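Because the structure is predicted, anything quoted here is derived from the model rather than measured. To find a chain, count down the sequence lines: A is the first, B the second, and so on, and within it residues start at 1.
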Amino acid sequence: MQLTNRKVVVSNKEQSFTEKMYFPAIINGMFITFSHLFKKRPTIMYPEQKREYAPIYRGQHVLKRDENGAERCTSCGMCAVACPAEAITMESGERKKGEEGLYREEKYAKMYEINMLRCIFCGLCEEACPKEAIFLTDRIVASEFERDEFIYGKDKLVEKMDKRIDVTKRQTPEVLAFKKIPGLKHNELHTEKLNKGKH
Amino acid sequence: MLEFIIYKSIICVAVFAISLGIAAYSTWWERKFAGLLQDRWGPSRAGVWGLLQPLADGGKMLFKEEIIPNVSNKFLFVLAPGLFIVTAIMAGVLIPWGPAFAMDGKLYPLQVADVNVGVIFLLGVTSIGVYGIMIGGWSSNNKYSLLGAIRSSAQMISYELAMGISLIALIIVAGGTLSFGEIVAMQDKGFANVVWQPLGFLIFFVCALAETNRAPFDLAECETELVGGYHTEYSAFKLGLFLFAEYINMFVSSAVMAGFYFGGYNFPFAHELYNAMGLQEGSWIISLIGFGAYFTKTLIFISVFMWIRWTIPRFRYDQLMNLGWKTLLPLSLLNLAITVVIEFFRGNIQF
């Protein structure tokens with residue numbers, strides 16, 4: 001198999017006199033470096049100029065609220081199960097009377113933590129979530145001085161009502177349809193459940 | 001007498017300031033040039049085009065923590081970088097920066113001291129630089145520093161020999177004078193010495209690279225391969241002095257090469273130009289133009305040093321020694337022999 005056309009056959013042949021002199025090779029090399037003076041520079045001057053992210057860039061997570069402002073997460077644990085880095089932990093709580101505006105389902109996440117040092121930003125949590133609650137955004141996880149600071153709790157993950165985060169690029173109808181196709185790996189649990197019900 | 005002292009002091013301070021300034025801005029130009037050669041931009045944050053970068057670097061060096069190892073010989077430890085930088089600057093006194101200008105019937109040369117044994121003084125002073133390295137490595141009381149110091153000083157001594165012999169050939173071509181000023185002035189008539197001494201120039205150039213510890217001979221400072229070198233234990237400004245001295249060395253050896261082999265302040269059709277401008281012999285404008293010519297040549301040489309650094313990979317130690325003793329030394333002897341024969345038949349020397 002050939003991956004590139006730059007293959008060179010190694011040989012042990014003695015160097016000729018001109019090769020031993022090194023000078024032709026050195027002069028040649030110097031002209032190569034010199035030619036680079038006039039080449040285009042691909043540098044992006046970072047703070048002033050920013051590289052555009054791909055629309056599907058996977059950055060820091062967000063726990064979405066629904067239109068009324070209630071948390072969508074029902075603490076089912078699918079994301080934690082799907083997470084290959086085991087970065088997600090949660091603890092569920094039961095919704096009390098009068099909290100209907102806060103949580104959408106009867107069960108909710110009392111504690112929800114993502115360890116940003118473990119997270120590999122694969123996006124499987126997003127795919128696993130049956131409630132459309134967790135999404136990856138285009139934001140970068142901030143740098144910190146202490147390792148503890150990287151364990152993001154609900155205070156950092158749940159979106160603020162006044163600063164809602166747009167995840168429509170991840171919620172396209174195609175994506176939603178893809179999530180419901182039975183027989184696909186990521187839908188296995190779902191289909192298994194359906195099959196069990198039949199027997 | 002007083003006039004003489006004042007004039008010499010001014011020249012002294014000027015040469016000192018120019019050496020330091022050029023050394024400081026070489027660090028900037030090195031980074032910028034390296035960037036350009038590697039399709040990057042180089043420093044661009046501190047000031048326009050990163051021009052304040054040397055100041056920032058200097059400030060950083062000043063405020064870093066200064067460490068003197070407990071087990072070191074403290075006096076020598078502090079002395080070494082100073083010795084290194086002093087010898088680096090001292091070689092600069094010889095350089096005749098331009099034609100002398102006349103004022104009130106007196107000639108004022110643009111040179112600190114026209115020593116009549118200039119070439120020997122130059123070789124002597126540059127070899128004292130080895131002491132800086134050796135003392136630095138030894139006084140650190142660190143095996144790796146000592147090994148690094150021995151490595152670097154062995155390198156410098158090996159290359160000094162070929163350098164000296166190629167200079168002897170140059171002196172023969174220059175008619176037996178040892179004065180830097182005369183060697184440069186002599187190239188006013190006829191060609192620059194490089195025309196008669198191409199091989200000698202090449203040897204001198206390679207040796208100058210090795211003497212200044214520049215790539216591809218920068219074994220003195222290859223952290224990744226050979227555990228730093230003589231300056232492993234140095235930090236902050238003392239390390240800065242070592243690195244700074246390297247740049248001063250580079251500046252001085254560029255100036256020496258431009259003077260010895262490329263005619264210094266002379267350039268083709270200089271006299272035609274001066275006549276066309278209606279300038280009298282001894283005018284200060286001629287001095288200024290000459291200074292400009294010399295300075296341009298020096299800067300070009302500095303750039304070539306950097307160009308080489310970012311092109312050729314570092315030599316291995318045995319390759320370095322092989323090149324020095326088995327190639328350059330015989331070559332320089334050959335060059336000397338050829339020069340003697342040619343000059344004998346030209347009638348410039350007799351036995």
Side-chain angles (χ1 to χ4, degrees), chain A residues 2-55 57 59-60 121 138-149, chain B residues 29-50 198-210 214-217 300-316 318-324 326-328 330-331 334-335:
Chain A
Q2 200 178 6
L3 290 175
T4 61
N5 54 356
R6 293 183 292 178
K7 186 171 71 180
V8 175
V9 179
V10 179
S11 78
N12 284 341
K13 82 169 173 57
E14 284 272 300
Q15 286 180 316
S16 69
F17 180 69
T18 45
E19 278 169 343
K20 264 189 196 159
M21 278 210 327
Y22 291 123
F23 267 104
I26 287 174
I27 300 290
N28 195 7
M30 290 189 57
F31 276 107
I32 289 171
T33 42
F34 194 73
S35 70
H36 277 263
L37 276 179
F38 312 105
K39 286 196 175 152
K40 204 172 162 284
R41 286 154 229 295
T43 313
I44 289 172
M45 299 299 205
Y46 167 62
E48 293 95 38
Q49 212 181 342
K50 280 180 184 155
R51 195 191 293 272
E52 247 181 60
Y53 288 149
Y57 177 84
Q60 193 197 312
F121 302 96
D138 55 357
R139 283 145 211 231
I140 294 171
V141 176
S143 51
E144 306 279 358
F145 286 105
E146 306 284 332
R147 294 180 73 87
D148 290 353
E149 308 281 311
Chain B
W29 175 233
E30 169 114 61
R31 292 176 61 185
K32 198 86 197 167
F33 197 55
L36 295 179
L37 288 178
Q38 296 174 346
D39 298 344
R40 303 182 278 114
W41 281 115
S44 61
R45 292 287 134 194
V48 189
W49 295 100
L199 184 59
F201 167 67
L202 212 59
I203 294 165
F204 189 88
F205 185 70
V206 174
C207 291
L209 281 179
R214 290 290 299 181
F217 305 104
I300 288 172
F301 264 113
I302 292 179
S303 298
V304 170
F305 269 54
M306 290 168 184
W307 182 13
I308 287 176
R309 172 166 178 190
W310 297 102
T311 304
I312 308 174
R314 185 176 289 145
F315 274 86
R316 219 168 48 211
D318 60 315
Q319 291 173 331
L320 175 99
M321 282 292 156
N322 268 343
L323 184 69
K326 290 188 186 164
T327 312
L328 288 183
L331 264 184
L334 181 75
N335 181 49

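- At least one donor-acceptor pair under 3.5 Å links the side chain of W307(B) to the backbone N or O of M30(A).
- Heavy atoms closer than 4.5 Å to chain B are found in the side chain of F23(A), but not in its backbone.
- Contacts between I312(B) and chain A at a heavy-atom distance below 4.5 Å involve the side chain alone, from C-beta outward.
- Distance alone, capped at 3.5 Å, is enough to place a donor-acceptor pair between the R41(A) side chain and the L36(B) backbone.
- Proximity to chain A involves both the backbone and the side chain of W41(B), based on heavy atoms less than 4.5 angstrom apart.
- Between F217(B) and F315(B), the angle of the ring planes stays under 30°, which puts this pair in the parallel group of the 30/60° scheme.
- Using modelled atom types, one side-chain atom of E19(A) and one backbone atom of S16(A) make a donor-acceptor pair closer than 3.5 Å.
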